[in-house]
Amino acid sequence: MSSQAALASKALPRLSACARRHLSASAAVAVKRSTAAKRSLSSSSAVSGQTYFPQSVPKIQQHPQTTSLHQQQQHQKHTHASLNPFKSVAIRREGKNRWERRAALTPEAVEKLIKETGIKVYVQPSTKRIFSDDKYRAAGATIQEDLSVADIILGIKEVPVKDLIPGKTYVYFSHTHKGQKYNMPMLQDVLDKKIRLIDYELMANEQKQRLVLFGKHAGYAGMIDGVHGLGQRLLGLGFSSPFLHVGMAHNYKSLASAKLALQSLGNTISDEGTPKEFGPMTFTFTGSGNVSKGAQSVFKSLPHEFVDPKDLPKIAKSKNARLDRIYAAEVNVEDHIRHKTKGVFTSHDEYFAHPELFTSTFHKDIAPYTSMVINGAYWDERYPRLMTTEQLRTIQSDPANQFRMLSIADISCDINGSFEFMSHATSIEDPFFYVDAVHGKEHKHAEEPGVQIMSVDILPSELPMESSQHFSDSLYPFIKELIHDNYAHPVLAGATIAEHGSLKPAHENLSKVLTETHAKETLAKLKSALGAKSESTTFGTKRKNVLLCGSGFVAGPLVDYLLRDPNVDITIASNSQAEATSLALGKANTKVVPLDVKDNAKMASLVKDSDIVVSFVPAPFHPIIAEHCIQEKKNMVTASYISPAMKALDERAQRAGITIMNEIGLDPGIDHLSAMKMIDEVKAEGGKVTSFVSWCGGLPAPEASNVPLSYKFSWSPRGVLTAGLNDAKFRMHNGFHEIQGKDLMKKHFPDVPIYPGFALEGVANRDSLSYADTYGLGPVEKLDTMFRGTLRYKGYADLMYSFNRLGLLNAENSQQNFSSWPEFMDNLLFGNSSKHDNQSRTAAIADRLDLPKNHPSVGKVVDALQWLSLMPSATNNIHGAPFTAQNSTTNLDSFCNLLMNKLKYNPNERDMVILHHEFGVQLKDGTDQTRTSTLVSYGTFETYTAMAKTVGLPAAMATEMLLKGEIPEKGVLAPTMPHVYNTILEKLDREGVSVLEQIVQKGMRPMLKWGGSGVFNLFGLSAPIDIEIRYNGQEQRKQIEAKVDKDRREKFPLYFDGETVAGKINIRVKDGKKVEHNGIKVEFVGSIEMFYDRGNHYEFRTMQQELAVPGELRSNTSFDFEFRNVEKQYESYHGINVKLRYFVRVTILRRLADVVKEQDIWVHSYVMPADGNNSIKMEVGIEDALHIEFEYNKSRYHLKDVIVGKIYFLLVRIKIKHMELSIIRRETTGAPPNQYNESETITKFEIMDGAPVRGETIPIRLFLGGFELTPTFRDVNMKFSARYYLNLVLVDEENRRYFKQQEITIFRRQVDDEVTNDNTLQIQPNESL
């Protein structure tokens, strides 16, 4: 029997006949944190019966002369479409709900079907289906709107009357077989059009077990949504909780991503516990079928302990119950159903035969002791309810239940069903409501009394990828029967509701419902109404108004693209009326209005009158416009990066039900689209991306690049210049790296090989590390490389770095009262506008750059300044060009004014855009390869620049998708969803903006190198002075040797809390040069540094002393410093992802680049744990298999202590061959959802080799003194923790591993350092930690 057949014959009913409870070994392995015996629930298999899955597929006849009569008839039927003798199949586009992205067959299934049978498969085009049209096209399907050529049409949800094609076979969830009144007109139309209707819900085996369903995926999504809702409920009650950091299921790219979020939540629960005010959290799962098992599968990502339902009261009332886990119970009929007269549950047979004789005690025995109910049980009106409205009122009236029955995730979604007060299904965008039975009302306010109810009725659509895959696999065998015309197959026959214009005998009872609901009359009215409506291929007949804020050059392509639809009006709001009027010139359906973003009343009015807002104003103004969009509930599009201010609006945007789509231009924008496409394709192939490098740049076309900087500007240069001053963070070659903004151009990448014809260099672009999460690449520390950079022609970076050193990029306010550009430049070089000659200017430039006057780079800078009119030359006359920046307030603004004039594009010159990704890929078989994704686009000033086209078009396409309702996600988003990036990339390709994907080589490409051209590293721009920091008594102090990175250790002088830190600072001036400075200061700093967030150091202790006022250093000098009785509340720590440092920092303040020196010390802290050091005693086991007790003599240990304990074997029915004990340090950094957990094993040793027997005792004795331990760190400055665990591992003969962890506290005593009270040394120096 095939695996599918076995699954079909053993499928379980939704209410199990008898439940058997046990803890499987695999469950014990999967849940390592549990500290008590695990208990999981499963149902006994139903008796295997006849399998209804089809067997082998008949082969197609190869010789026409031997074709059977039946095949000839089939051939005649299909002459119009194919010579294939089998039926053709179509997959329709879903349209009932905007969230519906599932498909009945995946592209892989379509490809397999075509290869095995040769049939034609038609797919209706869709931009929101989880699988793109291109995927189906690649699988061999024909993409077309018209499905009338197909014989069999597959869907998911009900098909609208207007789309039903006469004489076809339709397969979908019709929701008619129970007599659902709202679908009777559709059923009448099916009969009138002589359609064969097959319903997935009725596909069942002989035991009535459904074979094609989404049940488990409803459970998966329902559990995720339920946990999200619980966090909202607790917050409404005034309690922050870890549950708050889990989103709705549809927010995650995949089920695996959602489970990762839950595992992160689980780590927080294990470490911090749930809110103590609520007591132990208890989750109750009703039923044991697919829905419940799916929910439980997701739930098991959390630290948990399954218990018997009868133990719920004891746990809920216990004062000793654990808060570091969730208690769970699976509740089946025998747990709460009682015979009305006998008071007990008698039997399943009697219950199912006479349910009227039974009642439920759920409201007494389960609900008052439950935090959250996950309802996955089948129910119909014959059976007792789980709870009535009156029973809920009784529970809510009792103050003892204040924090019980907080939430119900009603996955089964039976309206007024098992929970009488569940009055309606909810939507994905508005999933929760609250029932206050005491006051008899429903409401939407999490802050008010009531039980929260989640009753979304299309939960599987939140996980469209996985649910479609599962559904397709289940459906596939029956599709093969359908294409063979085998409608008599027992599963298909049983699922057929109507054919040939008549109801099947099993459904003739629906005739009465059709009559009672006046289905014929209703259908006639519906068709009449449909006939009166004109179809539209655009956004519908209702006009749409787009508010465009900003009228810069990138707006042109957006306006032109959107105006292709005659039903779109565009309001161009701009602070430049001339620019906006020019943009609107000759374009119908546009109007121009003034724009003042800070005028709240006018902005509110503009947003209110629009259907969507596109913001092309400078990025700092986006949050202001977004606030209005949230207030008026209008979607918004920007091409800018998601700033912290925009990200902070995410939750409010979700609550408002709007989408704010950001980063949808070029970079950011097309870079995201093309990256996500490749990454998702690699994952679909079973591989993984191990390295990601992305380059992007807007440049002049090569023939237009013969100017200084080899760069030209088509809009304000300010953004380009300031971007070159941003700090950068990235990962390269398995290491984390940072470049400060002032050094970004100096430490550029001197060679970026993309195409041999382009001489390119690059600079790092801001924070690359965060994009590992954006792109779903996993923990950034697991990647070899994570880098994003900006492209320029060679020579740009050195010249721009020189301009910065000369003060041209200074953004501080200063008077700009000059008559010429040389006068402006002289003021920067000499501090005055007196007359100077070019020789003195060159000498001053060389001095500023710390280069010899005759160095070629000085000559290049002088040439550039003369070309720009900043220095007189023979071509720009002795007086220089007139100064045109009198209205500027900074050097930077004046320089921008000059560049905009001198480096602008001339007529007939083109710009160019280059976007290039390199992906290091590890294939499924373990081999490595490099793939690339490249876009090169040229512009022309007759149409659009390349930059305008590649920014404006993606933004326009995202706007179009939002207007059409094709982006269902809410909140502040980037375009990383498949239905977004696939759609926009396809549309861009049609507009001539195409991305080329290639596999360029097997294995990985050579490493990139940065550090600049070497010009400034070789000839100075190292500090003109040296700084040495010496601590008093440094030679006599104890030295601590500690690891500073993976392969390097250093020694640091040891200090203690409250001790004075004093010493001497020696400053040496190099080469006798005069060094001007703006002051010298010394600081004592305590800092926490996260390796994944190196640009942000958290300084929890800062003390400062001024050593010198502004002046000059002409010779070597020294300064004494003293920080008295310094508080050092934390011990120094160098971990995997975090460092806690103490250091003295000396800063010599200079106009362009400060000179900084840091010198670390090491701190030991003697913080004794709280009183009490109880022993640790616990029992763990596997029911009827293993029962052990273990005991450790205490829970707190000093660094040179001895762990003493013993293990008792009370029951041994599995064969244990090996047992070991290890010490694990778990480092936690950050806060959810950006929390990182790293564990390292400090030591482990074997404590038993061989099989133990009942009654045996194993002693434990572990000396800590020889290991590299630190004290326990708990929530240090709310940034990190480092905790220790004793990890007991048992291995059986089948190599299954059983884990039990227990946290211990480690502390440092003064005697451990062997130092007296006055810090007199008692040991040899250089002791290693």
Engineer: Salt bridge between D1026 and K1157, side-chain N to carboxylate O under 4.0 Å?
Structural biologist: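 Salt bridge: no.
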Engineer: Does Q740, at its CD atom, have more than 12 non-hydrogen atoms belonging to other residues, nucleotides or ligands within less than 6.0 Å?
Structural biologist: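 Atom CD in Q740 is not crowded, with 12 or fewer foreign heavy atoms closer than 6.0 Å.
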Engineer: I need the N1287 CG to S1222 OG distance, nearest 0.5 Å.
Structural biologist: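 Here the rounded value is 4.0 Å.
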Engineer: Out of curiosity, S1132 OG to R1141 CZ, how far, rounded to the nearest 0.5 Å?
Structural biologist: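 The distance works out to 10.0 Å.
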Engineer: Just wondering, do L809 and N891 contact through their side chains at under 4.5 Å, heavy atoms?
Structural biologist: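 They are not in side-chain contact.
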Engineer: Decide if the gap between the ring center of Y1166 and the ring center of F1056 is smaller than 6.0 angstrom.
Structural biologist: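 Yes.
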Engineer: Please name the pair of heavy atoms, one in V1061 and one in F1084, separated by the smallest distance, quoted to 0.1 Å.
Structural biologist: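 Smallest interatomic distance, heavy atoms only, reads CG2-CE1, 3.9 Å.
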Engineer: Minimum heavy-atom separation for R1037 to P1053, with atom names?
Structural biologist: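 Heavy-atom minimum between the residues: CD-CB, 4.1 Å.
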Engineer: Salt bridge check, E1303 against R1274: does any charged N sit closer than 4.0 Å to a carboxylate O?
Structural biologist: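 Between E1303 and R1274 there is a salt bridge, with a charged N closer than 4.0 Å to a carboxylate O.
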Engineer: Calculate, to the nearest 0.5 Å, the distance between atoms CD1 and NE2 belonging to I1306 and H1198 respectively.
Structural biologist: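 Going from CD1 on I1306 over to NE2 on H1198, the span is 11.0 Å.
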Engineer: Would you check if the distance from the ring center of F692 to the ring center of F730 is below 6.0 Å?
Structural biologist: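 No.
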Engineer: Please tabulate, one pair per line, all N/O donor-acceptor pairs under 3.5 Å involving side-chain atoms of residues 1259-1266, not counting sequence neighbours.
Structural biologist:
none

Engineer: Does some side-chain heavy atom of F1143 sit less than 4.5 Å from a side-chain heavy atom of Q1159?
Structural biologist: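 Contact flag for Q1159/F1143 side chains = no.
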Engineer: Angle between ring planes, H1134 versus W1162, binned at 30° and 60°: parallel, tilted or perpendicular?
Structural biologist: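 Aromatic pair H1134/W1162 classed perpendicular.
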Engineer: In terms of heavy-atom contacts, does NZ of K1194 have more than 12 from other residues, nucleotides or ligands at under 6.0 Å?
Structural biologist: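 Yes, because the 6.0 Å sphere around NZ of K1194 holds more than 12 heavy atoms from other groups.
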Engineer: Can you name the one residue among Y1055, F1052, F1100 that meets ring-ring contact (aromatic ring centres under 6.0 Å, His included) with Y1142?
Structural biologist: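 Exactly one candidate clears the test, F1100.
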Engineer: So which heavy atom on E761 is nearest to which on P750, and how close?
Structural biologist: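 Looks like CB-O, 3.9 Å.
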Engineer: Please round to the nearest 0.5 Å and tell me the distance separating atom CZ of F736 and atom CD of E781.
Structural biologist: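 Spacing of CZ (F736) from CD (E781) equals 5.5 Å.
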Engineer: Mark yes or no: R1226 above the aromatic ring of Y1285, with NZ or CZ under 6.0 Å from the six-membered ring centre and no more than 45 degrees from the axis.
Structural biologist: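 Relative to the ring axis of Y1285, which defines the angle, R1226 lies inside both limits.
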Engineer: Return yes if a side-chain donor-acceptor contact under 3.5 Å exists between T1228 and N1237, otherwise no.
Structural biologist: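 Yes, N1237 and T1228 have a side-chain donor paired with an acceptor closer than 3.5 Å.
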Engineer: One thing to verify: whether R1124 and E1122 come together as a salt bridge, which I'm taking to mean a side-chain N less than 4.0 angstrom from a carboxylate O.
Structural biologist: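 Yes.
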Engineer: Hey, is E1076 close enough to R1150 for a salt bridge, meaning N to O under 4.0 Å?
Structural biologist: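 Salt bridge between E1076 and R1150, a charged N being under 4.0 Å from a carboxylate O: no.
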Engineer: Got L1140 and V1276 here, is their nearest side-chain heavy-atom distance under 4.5 Å?
Structural biologist: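 Yes. Closest side-chain heavy atoms under 4.5 Å.
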Engineer: Can you tell which of E1089, E1227, E1238 makes a side-chain contact (heavy atoms from CB on, under 4.5 Å) with V1138?
Structural biologist: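 When side-chain contact (heavy atoms from CB on, under 4.5 Å) is applied between V1138 and each of E1089, E1227, E1238, only E1227 qualifies.
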Engineer: Between E1240 and R1283 (salt bridge meaning N to carboxylate O under 4.0 Å), is one present in this structure?
Structural biologist: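 Judged by the 4.0 Å cut-off on N to carboxylate O distance, E1240 and R1283 do not form a salt bridge.
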Engineer: Indicate whether any N or O donor in one side chain lies under 3.5 Å from an N or O acceptor in the other, for D1275 and S1281.
Structural biologist: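 A pair is found: one side chain offers a donor N or O, the other an acceptor, under 3.5 Å apart.
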Engineer: Tell me the closest heavy-atom pair linking N1032 and G1063, and the distance in Å.
Structural biologist: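 For N1032 versus G1063, the nearest heavy atoms are OD1-CA, 3.3 Å.
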Engineer: What distance do L828 atom CG and L806 atom CG have between them, rounded to the nearest 0.5 Å?
Structural biologist: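 Interatomic distance, L828 CG to L806 CG, rounded to 0.5 Å: 8.0 Å.
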Engineer: Between K1081 and E1106 (salt bridge meaning N to carboxylate O under 4.0 Å), is one present in this structure?
Structural biologist: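 Salt bridge flag = no for E1106 with K1081.
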Engineer: State whether a side-chain donor-acceptor pair under 3.5 Å links N1066 with S1118.
Structural biologist: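 There is such a pair between these side chains.
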Engineer: Would you kindly say whether R1225 and Y1284 are connected by a side-chain donor-acceptor distance under 3.5 Å?
Structural biologist: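 A pair is found: one side chain offers a donor N or O, the other an acceptor, under 3.5 Å apart.
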Engineer: Would you check if M800 and R805 make a side-chain contact, meaning some heavy-atom pair closer than 4.5 Å?
Structural biologist: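 No, side chains not in contact.
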Engineer: Are the side chains of I1067 and N1116 in touch, meaning some heavy atoms are under 4.5 Å apart?
Structural biologist: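 Contact flag for I1067/N1116 side chains = no.
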Engineer: If you measure from the Lys or Arg side-chain nitrogens to the Asp or Glu carboxylate oxygens, is any gap between R1145 and E1083 under 4.0 Å?
Structural biologist: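 Yes, R1145 and E1083 are salt-bridged.
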